There are 2 protein chains.
Amino acid sequence: MQLSTLCLGLLLAEPMTGYALKGKVIGTLGHFQHASFGALYPALGSLEAGRFVTSDRSGSTGLGKRLYAITESGRGEFTERLAEVSAAENFRSDFLSALYFADQLALDDIERLIDERLANHRAERRRLLALPIASMTEGQRFTVRYALSMRNAAIEFLHGEGRASVAVIRHERY
Amino acid sequence: MQLSTLCLGLLLAEPMTGYALKGKVIGTLGHFQHASFGALYPALGSLEAGRFVTSDRSGSTGLGKRLYAITESGRGEFTERLAEVSAAENFRSDFLSALYFADQLALDDIERLIDERLANHRAERRRLLALPIASMTEGQRFTVRYALSMRNAAIEFLHGEGRASVAVIRHERY
DNA sequence: GGAGACATGTAAGTGGTTACATGATTTC
DNA sequence: GAAATCATGTAACCACTTACATGTCTCC
């Protein structure tokens with residue numbers, strides 16, 4: 001799903017600045033989407049060009065704060081785009097790519113990679129657990145629980161089999 | 001990890017055509033990487049320009065079959081690139097993006113999305129289970145088991161909580 | 001000689017990222 | 001008045017994807 005579609009959906013709830021929009025994406029959709037300013041502002045610009053959002057500039061000097069609001073046509077566009085999304089997931093892992101070539105890697109590097117990945121998963125699990133579940137819609141809670149169950153599976157795997165695998169590789173080598 | 005790095009690693013084992021390289025990526029790294037010809041041939045071209053691979057054209061007429069082989073400098077380059085990879089994973093999900101906005105979606109669409117995702121996970125699990133585990137290195141087996149444990153977690157979640165969530169949404173609406 | 005797999009490539013476009021540049025507002 | 005956070009934007013680049021165009025080899 002494109003960032004612009006995400007913006008449309010988020011603006012359904014209330015008008016927001018681009019900056020706030022980025023915070024929302026990172027904060028509440030961060031477990032399956034990303035956003036950078038370099039992508040966000042151009043996206044908002046083209047959304048405005050298509051009259052799917054309007055923007056209200058409060059300050060008049062230079063770059064003022066800009067409040068984006070969705071239009072009627074924007075609502076229609078969002079509904080249309082949402083109905084078209086597939087159930088696809090896009091997973092790319094440098095971690096697994098490296099481990100695939102584990103036989104070319106030093107044991108230290110393999111262990112470092114696994115520990116790093118484990119730390120990342122745990123940090124993300126903490127973040128997910130700290131989310132304000134109570135104030136979310138059921139759909140939003142669903143995404144959090146889904147992400148959580150994936151993280152848990154990954155942590156469990158890496159903690160158990162991951163270390164076992166390193167032992168096998170060590171044994172193969174010496 | 002870039003496609004060109006992957007190619008380098010795969011060519012370590014034996015010289016191959018671009019076509020075979022793509023088959024390898026899709027077949028044995030498909031659970032965490034992608035490859036299209038439009039990306040592959042330019043990548044091989046720049047690898048050759050950097051003298052990291054050589055190519056041997058067998059047929060002389062037009063576009064002949066081209067066997068790519070890694071050079072000594074290519075081996076060095078691969079080792080260097082491999083040592084630099086981080087444990088990062090890049091996960092983007094249109095599925096979760098849509099579910100995040102479940103309150104804007106018809107119940108039928110929600111169910112369709114979950115069923116589709118479930119079918120995808122199961123198909124991928126079957127594919128992973130059919131892989132020739134015995135002839136793989138321990139690192140390669142590791143990536144398969146990791147992917148498998150993630151798929152299993154997703155299937156279990158969607159099969160159980162997924163349906164429960166739909167029931168909650170249905171209940172909220174009527 | 002037709003079908004289907006094998007095989008190579010290009011061009012245009014996409015949806016970003018990274019780095020940079022700037023300025024406003026709040027808090028101590 | 002310094003530092004941090006809030007805020008907007010551009011330019012260059014990147015690693016792809018999609019669609020297209022072409023041709024070969026093998027098997028029936």
Side-chain angles (χ1 to χ4, degrees), chain A residues 1-8 15-27 29-30 32-50 53-68 81 85-86 88-94 97, chain B residues 1-8 15-27 29-30 32-50 53-69 81 84-86 88-94 97:
Chain A
M1 188 181 292
Q2 281 171 244
L3 187 52
S4 65
T5 309
L6 242 41
C7 289
L8 246 23
M16 256 180 275
T17 65
Y19 189 86
L21 231 20
K22 195 203 172 199
K24 269 264 152 108
V25 173
I26 288 175
L29 296 90
F32 55 85
Q33 287 291 346
H34 310 239
S36 65
F37 288 128
L40 185 68
Y41 288 114
L44 285 169
S46 74
L47 239 25
E48 193 170 16
V53 302
T54 58
S55 79
D56 191 25
R57 188 154 239 166
S58 53
S60 51
T61 54
L63 300 170
K65 192 175 181 173
R66 214 186 247 271
L67 249 202
Y68 287 93
R81 291 197 197 176
V85 307
S86 74
E89 279 179 347
N90 194 337
F91 176 64
R92 268 179 201 242
S93 175
D94 276 15
S97 301
Chain B
M1 188 180 291
Q2 280 170 246
L3 186 52
S4 66
T5 309
L6 242 41
C7 289
L8 246 23
M16 254 180 275
T17 65
Y19 189 87
L21 231 19
K22 195 202 172 201
K24 269 264 152 108
V25 173
I26 288 175
L29 296 91
F32 55 86
Q33 287 291 347
H34 311 240
S36 65
F37 287 126
L40 184 68
Y41 289 114
L44 286 168
S46 73
L47 239 26
E48 192 169 17
V53 302
T54 57
S55 79
D56 190 28
R57 188 153 239 168
S58 53
S60 51
T61 52
L63 301 169
K65 192 175 181 169
R66 214 186 247 269
L67 248 202
Y68 287 94
R81 291 195 197 178
E84 272 165 23
V85 308
S86 73
E89 281 179 348
N90 192 338
F91 177 64
R92 269 180 201 241
S93 175
D94 276 15
S97 301

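In what follows, chains are A, B, ... by sequence order, proteins preceding strands, each numbered from 1. Remember, predicted model here, so these are calculated numbers, not experimental data.
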Close N or O pairs between protein and nucleotides 14-17 of chain C (under 3.5 Å):
residue	atom	partner	partner atom	Å
C:dG16	OP1	B:Arg92	NH1	3.1
C:dG16	OP2	A:Leu3	N	3.1
C:dT17	OP2	A:Ser36	OG	2.3

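- Applying the side chain to side chain contact (heavy atoms under 4.5 Å, CB included) rule to A:Thr54 yields the partners A:Ala69, A:Thr71; only residues at least two apart in sequence or on another chain are considered.
- Distances shorter than 4.0 Å separate some side-chain N or O of B:Arg57 from OP1 or OP2 on C:dG9.
- One interatomic measurement links the two molecules: CE of A:Met16 to C1' of D:dT8, which rounds to 17 Å at whole-angstrom precision.
- When all heavy atoms of A:Leu3 and A:His34 are compared, the pair lying nearest together is CD1-O, 4.1 Å.
- Within the 4.5 Å cutoff, the side chain of A:Val53 has no heavy atoms near those of the A:Cys7 side chain.
- Every residue two or more places apart in sequence or in another chain that forms a ring-ring contact (aromatic ring centres under 6.0 Å, His included) with B:Tyr41 is listed here: B:Phe37.
- Counting to the nearest Å, the P atom of D:dA15 and the CG atom of B:Leu47 are 12 Å from each other.
- Taking B:Ser36 as the reference, B:Ala39 meet the side chain to side chain contact (heavy atoms under 4.5 Å, CB included) condition, with sequence neighbours excluded.
- Under the rule for a side-chain hydrogen bond (donor to acceptor under 3.5 Å, both in side chains), the partners of A:Gln33 that lie at least two apart in sequence or sit in another chain are B:Ser97.
- DNA chain C lies under 4.0 Å from no heavy atom of any residue of residues 17-26 of chain A.
- Atom CD of A:Glu48 is separated from atom C1' of D:dT8 by 13 Å (rounded to the nearest Å).
- Following rounding to the nearest Å, A:Leu44 (CG) and D:dA7 (P) show an atom-to-atom distance of 14 Å.
- In this structure, CG on B:Asn90 lies 8.5 Å from CG on A:Asp94, to the nearest 0.5 angstrom.
- Under the 4.5 Å side-chain criterion, counting only non-hydrogen atoms from C-beta, B:Ser55 is not in contact with B:Leu44.
- Per the geometry, OH belonging to B:Tyr41 stands 16 Å off C1' belonging to D:dC16, to the nearest Å.
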What pairs of donor and acceptor atoms, side-chain ones from residues 15-27 of chain B against any protein atom, are under 3.5 angstrom apart with sequence neighbours left out?
residue	atom	partner	partner atom	Å
B:Thr17	OG1	B:Ala20	N	3.1

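- Between the CG atom of B:Leu6 and the P atom of D:dC16 there is a distance of 9 Å, rounded to whole Å.
- Among residue pairs with one or both ends in residues 33-48 of chain B, those qualifying as salt bridge (charged side-chain N to carboxylate O under 4.0 Å, His left out) are B:Glu48-B:Arg66; sequence neighbours excluded.
- Taking 4.0 angstrom as the limit, A:Arg66 places none of its side-chain polar atoms (N or O) nearer than this to OP1 or OP2 of D:dC6.
- Residues passing the side-chain hydrogen bond (donor to acceptor under 3.5 Å, both in side chains) test with B:Asp56: none are found, sequence neighbours excluded.
- End-to-end axis angle of the helix from C:dG1-D:dC28 to C:dC28-D:dG1, from C1' rotation axes over five pairs per end: 30° (rounded to 10 degrees).
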